[in-house]
Asks: 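Here it is, the structure in full.
On a predicted model such as this, the values are computed, not experimentally measured, just so you know. We're numbering straight along the sequence, starting at 1.
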Amino acid sequence: RRGIPAVTAVRNLKDYCSNGDLLIVDGRNGVVISKPDAEQESAYRKLQREFVDLKGQLAENRDSPARTADGVELEISANINGLDDIVASRAMGASGVGLYRTEYLFLTHPSVPNEEEQLNDYRRIIADAPGKRVIIRTLDLGGDKTIPFLGHDREANPFMGWRSIRLSFEHPKLFLEQLRAVLRAAASPEAAGVDVRLLFPMITTIEEIRKIRTMLRKAASQLKAAKQTYRNVPIGLMLEVPAAAVTIESLARDVDFVSIGSNDLVQYLMAADRDNPKVSHLCEPLSPPVLRVLAHVIQVCRRMKKPVCLCGEMAGLPRAFVLLLGMGLRWFSMSPALVPTIKDLASHVTLAEAEQIVREALALKTTAKVRSLLSAKLAELAPNLALLEAAD
């Protein structure tokens, strides 16, 4: 999120190092080296200097428009957890907030943030956000994110159980408070001229969308009765469940935009928990089945003239970005630290080149071949970014 290299799921690290030992953390290739020899340390120190220099050069494009080499305009926005990320998103040149994860307001609160506290938070986010668009996602709790006041029911498969929009429906009072706070924030002075939208996580069926619209009408009715100023806002579904991808044409008719949550979509599509190191290798965004599903969703949304964004980690991966661009995606949302890299890469790629790469990639049958193809193409298009790509 902040551009700091990291490696996760390293087992028994304490067996190989002690306090004070030198560690090399290679976040690019997912490698940790304990007590490196002189040659390894020298090589990585050189890479570290080159990495810092490159990131500094890329950050200089913060004020440049996001567009392809042949002039196609793109929207490169930021995923944020709170006000600290707003500062980073402005510094990195993001065009707006493509995803505000409101659950972090709840996770860091000593109890339950009430409507007024939420209102003040949303107003500050809207006031300080770069650009003129802010997408606020309702609570995405459950799975690996729990809070005491909602209980701790143990589930065999928490990521596939009582979470996200399902949890919100089970707590209508809490859900209505959040909806009222967003509708009020959208009508605040800070929101003048800002495109404020609501995004709902883990949508699976059209019945859920209709229930959401009923809840929104109820929230607006409550605000009207209380003589509170509010504004109705566009609503979107977060596409994370394969069932939603299969029925996207039906679901998209009932919303104003679609946001693809690639992190969960990949793990659900591949039936592999991305936090489980034994199967995390299956959670590969460049795998052929994932690419085919994404191409289908993007094509349907474009045909229906529904704005579509991708806001998972995939949006900020150079190899994946080229594919998504070629599939027709024009709106990307990512960690603020990745915005300069993607803006720079876009300036090296024409739409025709990206479309040709997609045609070649979709004809391949293995992830390894897709990765190899994209590495070769990226080396041709933007050799300056090779330092940021993992070795195959």
Side-chain angles (χ1 to χ4, degrees), residues 1 75 77-86 89 94 96-109 113 115 117-119 121-126 128-129 131 133-147 150 159 163-169 171 174-186 191 194-204 208-209 211-213 215-216 219 232-241 244 251 254-265 306-315 331-336:
R1 196 161 58 89
E75 183 167 352
S77 50
N79 300 335
I80 68 165
N81 294 343
L83 285 167
D84 288 347
D85 293 335
I86 286 287
S89 64
V97 172
L99 174 65
Y100 172 32
R101 304 180 182 98
T102 60
E103 57 271 15
Y104 285 91
L105 171 61
F106 287 72
L107 289 166
T108 57
H109 195 277
E115 184 176 328
E117 289 173 314
Q118 291 186 61
L119 171 64
D121 179 82
Y122 303 151
R123 288 177 65 172
R124 289 196 297 269
I125 292 292
I126 292 168
D128 294 344
R133 179 176 288 172
V134 175
I135 311 296
I136 300 174
R137 184 178 69 185
T138 60
L139 285 175
D140 188 15
L141 291 169
D144 59 343
K145 293 176 289 192
T146 60
I147 47 181
L150 293 181
F159 281 97
R163 57 169 299 200
S164 303
I165 195 64
R166 303 165 183 179
L167 188 149
S168 292
F169 286 151
H171 293 273
L174 184 71
F175 193 29
L176 283 167
E177 276 190 351
Q178 183 168 38
L179 295 179
R180 290 196 303 267
V182 173
L183 297 183
R184 290 173 65 190
V194 179
D195 179 8
V196 178
R197 301 185 179 198
L198 261 169
L199 178 63
F200 298 91
M202 206 176 179
I203 297 300
T204 308
E208 289 172 335
I209 298 172
K211 188 170 183 178
I212 286 166
R213 288 202 176 274
M215 298 289 279
L216 279 167
N232 290 318
V233 299
I235 70 166
L237 70 87
M238 196 159 191
L239 194 146
E240 304 166 274
V241 182
L251 295 177
D254 274 20
V255 295
D256 301 296
F257 68 101
V258 173
S259 186
I260 302 169
S262 61
N263 298 351
D264 273 340
L265 178 61
K306 293 285 181 178
V308 56
C309 172
L310 189 139
C311 61
E313 292 176 11
M314 190 177 182
W331 179 13
F332 306 78
S333 193
M334 62 199 67
S335 297

Asks: So which atom in Leu176 and which in Met215 form the shortest heavy-atom distance, rounded to 0.1 Å?
Replies: CD2-O, 3.5 Å
Asks: Residues in side chain to side chain donor-acceptor pair (under 3.5 Å) with Arg123, at least two apart?
Replies: Glu190
Asks: Quick check: do Val241 and Ile203 have side-chain heavy atoms less than 4.5 Å from each other?
Replies: no
Asks: Do Asn79 and Ser335 meet the criterion of a side-chain donor-acceptor pair at a distance under 3.5 Å?
Replies: no
Asks: With side chains defined as the heavy atoms from C-beta onward, is the minimum distance between Tyr100 and Ile86 less than 4.5 Å?
Replies: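 A side-chain contact is absent here, since even the closest heavy-atom pair is not under 4.5 Å.
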Asks: Does Glu117 have any side chain to side chain donor-acceptor pair (under 3.5 Å) partners at least two apart in sequence or in another chain, and if so, which?
Replies: His109
Asks: Got a second to check how far Leu310's CG is from Met334's CE, nearest 0.5 Å?
Replies: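 Answer rounded to 0.5 Å: 9.0 Å.
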Asks: Any luck finding a side-chain donor-acceptor pair between Tyr104 and Asp85 under 3.5 Å?
Replies: no
Asks: Is any side-chain heavy atom of Leu216 closer than 4.5 Å to one of Asn232?
Replies: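 No, their side chains stay 4.5 Å or more apart.
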Asks: Nearest heavy-atom pair of Leu105 and Pro113: which atoms, and what distance?
Replies: CG-CG, 4.2 Å
Asks: Considering all heavy atoms of both residues, which atom of Gly96 and which atom of Ser77 are nearest to each other, and what is their separation?
Replies: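 Scanning both residues, the minimum pair turns out to be O-CB, 3.2 Å.
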Asks: I would like to know whether Leu167 and Leu139 meet side-chain contact (heavy atoms from CB on, under 4.5 Å); could you show each step before the answer?
Replies: CA-CA 9 Å; Leu167 188 149; Leu139 285 175; 5.6 Å; no
Asks: List in chain and number order the residues that pass side chain to side chain contact (heavy atoms under 4.5 Å, CB included) with Val194, two or more places apart in sequence or in another chain; answer none if no residue qualifies.
Replies: Ile126, Lys132, Val134, Val196
Asks: Between the main-chain N or O of Asp140 and the side-chain N or O of Ser164, is there a donor-acceptor pair closer than 3.5 Å?
Replies: no
Asks: Is there a side-chain contact between Phe175 and Ile165, using heavy atoms and a 4.5 Å cut-off?
Replies: yes
Asks: Give me the atom names and distance for the closest heavy-atom approach of Glu115 to Glu177.
Replies: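 Answer, listing the atom of Glu115 first, then Glu177: CG-O, 3.9 Å.
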Asks: Heavy atoms, side chains only, cut-off 4.5 Å: are Phe200 and Val255 in contact?
Replies: no
Asks: Quick check against the 3.5 Å criterion: does Ser259 have a side-chain atom that pairs as donor or acceptor with the backbone of Leu237?
Replies: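 Flag not set: sc Ser259 to bb Leu237 has no pair under 3.5 Å.
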Asks: How far apart are the closest heavy atoms of Ala315 and Ser333, and which atoms are they?
Replies: CB-O, 3.5 Å
Asks: Would a 4.5 Å heavy-atom cut-off, applied to side chains only, mark Cys311 and Met238 as touching?
Replies: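 Heavy-atom side-chain distance check passes, below 4.5 Å.
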Asks: With a 4.5 Å heavy-atom cut-off, do Leu174 and Ser168 have their side chains touching?
Replies: no
Asks: Taking salt bridge (charged side-chain N to carboxylate O under 4.0 Å, His left out) as the test, write out the residues that go with Asp195, two or more places apart.
Replies: Arg133, Arg197
Asks: Are side-chain heavy atoms of Leu83 and Ile125 found at a separation under 4.5 Å?
Replies: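 Yes. Closest side-chain heavy atoms under 4.5 Å.
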Asks: Yes or no on side-chain contact (heavy atoms from CB on, under 4.5 Å) for Val97 and Ile135, after CA distance, side-chain angles and deciding distance?
Replies: CA-CA 6 Å; Val97 172; Ile135 311 296; 5.6 Å; no
Asks: Among all residues two or more places apart in sequence or in another chain, which pass the side chain to side chain donor-acceptor pair (under 3.5 Å) test with Tyr122?
Replies: Gln118, Gln178
Asks: Listed by chain and number, what are the side chain to side chain donor-acceptor pair (under 3.5 Å) partners of Asp256, not counting sequence neighbours?
Replies: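 Per chain and number, Asp256 pairs via side chain to side chain donor-acceptor pair (under 3.5 Å) with no residue.
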Asks: Say whether, by atom type as modelled, one donor and one acceptor occur between the side chain of Lys306 and the main chain of Val258 under 3.5 angstrom.
Replies: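 Such a contact is absent between Lys306 side chain and Val258 backbone.
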Asks: Restricting to non-hydrogen atoms, name the atom on Leu179 and the atom on Ala219 that form the minimum distance, rounded to 0.1 Å.
Replies: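 Closest approach of Leu179 to Ala219: CB-CB, 4.0 Å.
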